[in-house]
Amino acid sequence: MRKILLSVALMMASIALHATDADYQVVPLPQSIALQKGEAFVLDGTTSVLSLSPDEAMQRNVQFLKQYIRETTGITPEGTSKKGSVILLKLNNKIENDEGYVITVKTKTITIEGKTAAGVFYGIQTLRKSLPVEQAKYVSFPLAQIVDQPRFSYRGTMLDCARHYFKMDFIKEFIDMLALHNINTFHWHLTEDQGWRAQIDRYPKLTEVGSKRAQTVIGRNTGLYDDTPYGGYYTKDDMREVVKYAAERHITVIPEIDMPGHMLGALAAYPELGCTGGPYKVAESWGVFPDILCAGNPQTYEFVNNVLDEIVDIFPSKYIHIGGDESPRDRWKECPRCQAEIKKLGLKGSNGFSAEAQLQCYFMSQVAKHLAAKGRSIIGWDEILEGDVDKGTTVMSWRGTDGGFEAAKRGLDVIMSPTTYYYIDYYQTKDNRLTLIGGYLPTEKTYSYNPVPDDATPALKAHVKGVQANLWTEYIMGRDLAFYQLLPRVAALAETGWADNAKKNYGSFKEREAKLNMLYKHYDWKACQDIFTPEK
């Protein structure tokens with residue numbers, strides 16, 4: 001009987017492990033896919049995955065591709081020579097775009113070429129997503145040439161780890177998800193009224209005090225609380241580990257230390273940095289709070305510079321995000337030190353902006369100069385346009401698109417991140433049983449956005465550097481809900497950031513995304529299934 005059962009099991013396994021075809025219709029859609037006639041390339045256990053380059057990143061790319069093939073199909077390509085079927089990864093400086101790649105599929109070889117290891121990595125992602133998501137004995141790749149490069153150089157997603165803390169395992173999984181979608185920037189929101197999450201050696205109370213709140217409001221500021229202490233922070237080793245993990249996947253981590261507002265976490269730890277001197281406490285509810293850093297206190301500038309010095313030492317990114325959003329200036333109007341600073345600097349209200357708004361611009365410019373001396377540039381939310389702005393500033397336009405238009409008009413670079421398309425903490429279905437922040441942003445609307453219309457001004461065309469989706473986490477408390485909110489809307493953003501607008505088609509996207517959805521399920525990423533139901 002055992003022999004019969006074993007025979008049946010082997011027969012069933014043989015049926016399950018079958019041949020299947022690769023499909024190059026992936027997300028984001030490559031710029032050019034030219035299918036050719038001829039005998040297909042066959043990937044199986046004897047296939048070699050090689051790079052002749054000694055470059056460490058290229059050798060890592062080899063390992064990534066092997067891993068992805070094994071994860072998706074169960075095939076382990078164990079070949080070691082150029083004989084037989086070979087997938088060859090190559091650097092080619094004739095490719096113009098740093099993130100561009102060319103995949104050439106012939107009967108015996110698949111070649112993935114890029115100007116840089118990053119370009120090769122994106123070619124790997126396309127090959128990976130073309131694989132069937134099932135156990136297979138071998139996979140046939142139709143002969144083809146795929147020539148591809150991104151539309152925008154900045155393709156980002158922001159994760160708010162300040163309102164709710166996410167463990168390191170999730171951060172890495174989040175980065176893996178970004179890599180799958182050709183996202184090259186992880187904007188890491190680390191500080192908030194509700195918690196300071198970054199270890200700073202010079203100011204230990206930031207994590208000893210500022211990372212912990214006594215309790216958290218239940219629901220949408222109901223006035224009811226859970227009576228449960230909440231906290232968590234990332235050590236310097238944690239943050240360096242995240243930077244390395246992301247860099248290996250060609251993703252830049254941009255940290256955000258939000259200032260001068262959203263600083264109750266810091267003020268609770270160091271009350272002398274506020275206008276009133278406190279006492280302050282780490283916020284237990286959501287919203288915008290009147291207590292912000294005192295811009296008339298020299299200690300504030302010393303604090304900010306010291307914090308950023310330690311941040312810069314951890315994060316090698318060109319950009320450091322310094323917030324600038326939702327900073328009520330009521331305390332500054334009443335603060336003798338802030339008013340003295342306004343008088344000393346000769347700041348006056350002009351162009352519809354108050355003297356206090358100009359003080360915030362001065363504050364931000366001082367921070368920008370400090371970072372510029374270290375070879376870094378700042379990004380700020382579009383409120384930083386409420387006054388004069390340093391020319392080296394990049395503006396993240398979130399309150400709609402007007403901030404982006406205004407920034408470009410002033411000669412400033414722009415990342416488009418409008419609430420109306422890219423705030424993925426909003427509801428994506430009309431079923432509102434979940435408690436979320438509100439709003440309605442279905443995947444189709446996220447997909448429909450064109451950051452630079454054909455009739456855009458030359459300034460807008462020159463200065464829009466890319467797009468970013470934002471996941472704020474007032475109501476996002478864990479892994480499953482985070483992935484539910486992220487997917488498939490990150491895929492919609494990814495296609496806008498990568499493919500030319502003329503090539504976008506929502507019907508086609510849904511078909512291609514349905515296949516990618518199988519990979520989400522494989523990784524247990526619980527994506528919203530709304531667009532995959534027949535009636536949608």
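Between the side chains of Asp413 and Thr394, not a single donor N or O lies within less than 3.5 Å of an accepting N or O. Side chain to side chain, Lys504 and Thr496 meet the donor-acceptor criterion of an N or O pair below 3.5 Å. A side-chain donor from one of Glu99 and Asn184 sits under 3.5 Å from a side-chain acceptor of the other. With 3.5 Å as the limit, one finds no donor-acceptor pair spanning the side chains of Tyr506 and Glu513.
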Check against side chain to side chain contact (heavy atoms under 4.5 Å, CB included), Asn470 and Thr419: CA-CA 9 Å; Asn470 297 322; Thr419 57; over 6 Å; no

Asp313/Arg240 under salt bridge (charged side-chain N to carboxylate O under 4.0 Å, His left out): CA gap, chis, key distance, verdict: CA-CA 9 Å; Asp313 184 58; Arg240 288 193 176 98; 2.9 Å; yes

His187/Trp381 under ring pair (Phe, Tyr, Trp, His ring centres under 6.0 Å): CA gap, chis, key distance, verdict: CA-CA 13 Å; His187 170 182; Trp381 301 106; 5.7 Å; yes

Stepwise side chain to side chain donor-acceptor pair (under 3.5 Å) check, Arg128 with Gln125: CA-CA 5 Å; Arg128 168 196 191 182; Gln125 297 307 317; 2.8 Å; yes

Stepwise side chain to side chain donor-acceptor pair (under 3.5 Å) check, Asp98 with Thr116: CA-CA 6 Å; Asp98 284 348; Thr116 65; 5.7 Å; no

Worked verdict on Glu383 versus Trp398 for side chain to side chain donor-acceptor pair (under 3.5 Å): CA-CA 9 Å; Glu383 284 95 330; Trp398 73 278; 2.8 Å; yes

Derivation and outcome, side chain to side chain donor-acceptor pair (under 3.5 Å), residues Gln199 and Asp237: CA-CA 9 Å; Gln199 178 188 7; Asp237 285 344; over 6 Å; no

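In this structure, Tyr426 contributes its side chain and Tyr421 its backbone to no donor-acceptor pair below 3.5 Å. Checked by atom type and distance alone, the side chain of Asn297 pairs as donor or acceptor with a backbone atom of Gln299 at under 3.5 Å. Between the side chain of Arg151 and the backbone N or O of Asp500, no donor-acceptor pair lies under 3.5 Å. Remark: the backbone N or O of Gln468 is paired with a side-chain donor or acceptor of Ser417 at under 3.5 angstrom. Using modelled atom types, no side-chain atom of His370 and backbone atom of Gln366 make a donor-acceptor pair closer than 3.5 Å. Panel note: side chain Gln194, backbone Ser285; a donor-acceptor pair is recorded below 3.5 Å. No donor-acceptor pair closer than 3.5 Å links the side chain of Trp525 to the backbone N or O of Asn517. Not one N or O on the side chain of Arg202 forms a donor-acceptor pair closer than 3.5 Å with the backbone of Glu310. Side-chain atoms of Thr185 do not come within 3.5 Å of backbone N or O of Gly156 as any donor-acceptor pair. Asp193 contributes a side-chain N or O that, together with a main-chain N or O of Leu264, makes up a donor-acceptor pair within less than 3.5 Å.
Between Phe121 and His250, the ring planes lie tilted relative to each other; the angle falls in the 30° to 60° range. Note: Tyr423 and Trp472 have tilted aromatic rings, judged against thresholds of 30 and 60 degrees for the angle between ring planes. Ring-plane geometry between Phe303 and Tyr270 is classed as tilted, the angle between the planes lying from 30 to 60 degrees on a 0 to 90 degree scale.
Within a 6.0 Å sphere centred on CG of Asp176, heavy atoms belonging to other residues, nucleotides or ligands number more than 12. Other residues, nucleotides and ligands place no more than 12 heavy atoms under 6.0 Å from the NZ atom of Lys281. Residue Lys461 places its NZ atom among more than 12 non-hydrogen atoms of other residues, nucleotides or ligands, all under 6.0 Å distant.
One finds the OH atom of Tyr440 at 9.5 Å from the CD atom of Gln428 (value rounded to the nearest 0.5 Å). One distance of note links SG of Cys161 with CG of Leu159; it measures 4.0 Å at 0.5 Å rounding. If you take CG on Leu486 and CG on Leu178, they are separated by 8.0 Å, rounding to the nearest 0.5 Å. The distance from atom CD1 of Ile531 to atom CD of Glu444, rounded to the nearest 0.5 Å, is 9.5 Å. Summarising the geometry, atom CD1 belonging to Ile384 is positioned 10.0 Å from atom CE belonging to Met396; distances are rounded to the nearest 0.5 Å. For the atom pair OG1 (Thr443) and CG (Asp530), the distance works out to 7.5 Å, reported to the nearest 0.5 Å.
The existence of a salt bridge linking Arg197 and Asp238 is excluded, since no basic side-chain nitrogen approaches an acidic carboxylate oxygen closer than 4.0 Å. Between Arg479 and Glu173 there is a salt bridge, since at least one side-chain N of the basic residue sits less than 4.0 Å from a carboxylate O of the acidic one. Using a cutoff of 4.0 Å between basic side-chain nitrogens and carboxylate oxygens, Asp309 and Lys374 are scored as salt-bridged. Between Asp325 and Arg399 no salt bridge is recorded (no basic side-chain N to carboxylate O distance below 4.0 Å). The residues Asp431 and Arg433 are annotated as salt-bridged, a charged nitrogen and a carboxylate oxygen being separated by less than 4.0 angstrom.
Centroid-to-centroid, the aromatic rings of His522 and Tyr68 stay 6.0 Å apart or farther. The ring of Phe186 has its center closer than 6.0 angstrom to the ring center of Phe174. Ring pair Tyr234/Phe166: centre-to-centre distance not below 6.0 Å.
Among all heavy-atom pairs drawn from Pro418 and Gly400, the shortest one is CB-O, 3.4 Å. When all heavy atoms of Trp286 and Asn221 are compared, the pair lying nearest together is O-ND2, 2.8 Å. Between Pro451 and Val467, the closest heavy-atom pair is CG-CG1, 3.4 Å.
Residue Glu386 is tested with Gln358, Gln360, Arg329 for a side-chain hydrogen bond (donor to acceptor under 3.5 Å, both in side chains); the sole match is Arg329.
Identified under the side chain to side chain donor-acceptor pair (under 3.5 Å) test for residues 205-217, with sequence neighbours left out: Arg213-Thr216, Gln215-Glu284. Residues in residues 209-233 take part in these ring-ring contact (aromatic ring centres under 6.0 Å, His included) pairs, two or more places apart or across chains: His164-Tyr230.
Cation-pi geometry between Arg331 and Tyr280 is not satisfied (NZ or CZ under 6.0 Å from the ring centre, within 45° of the ring normal).
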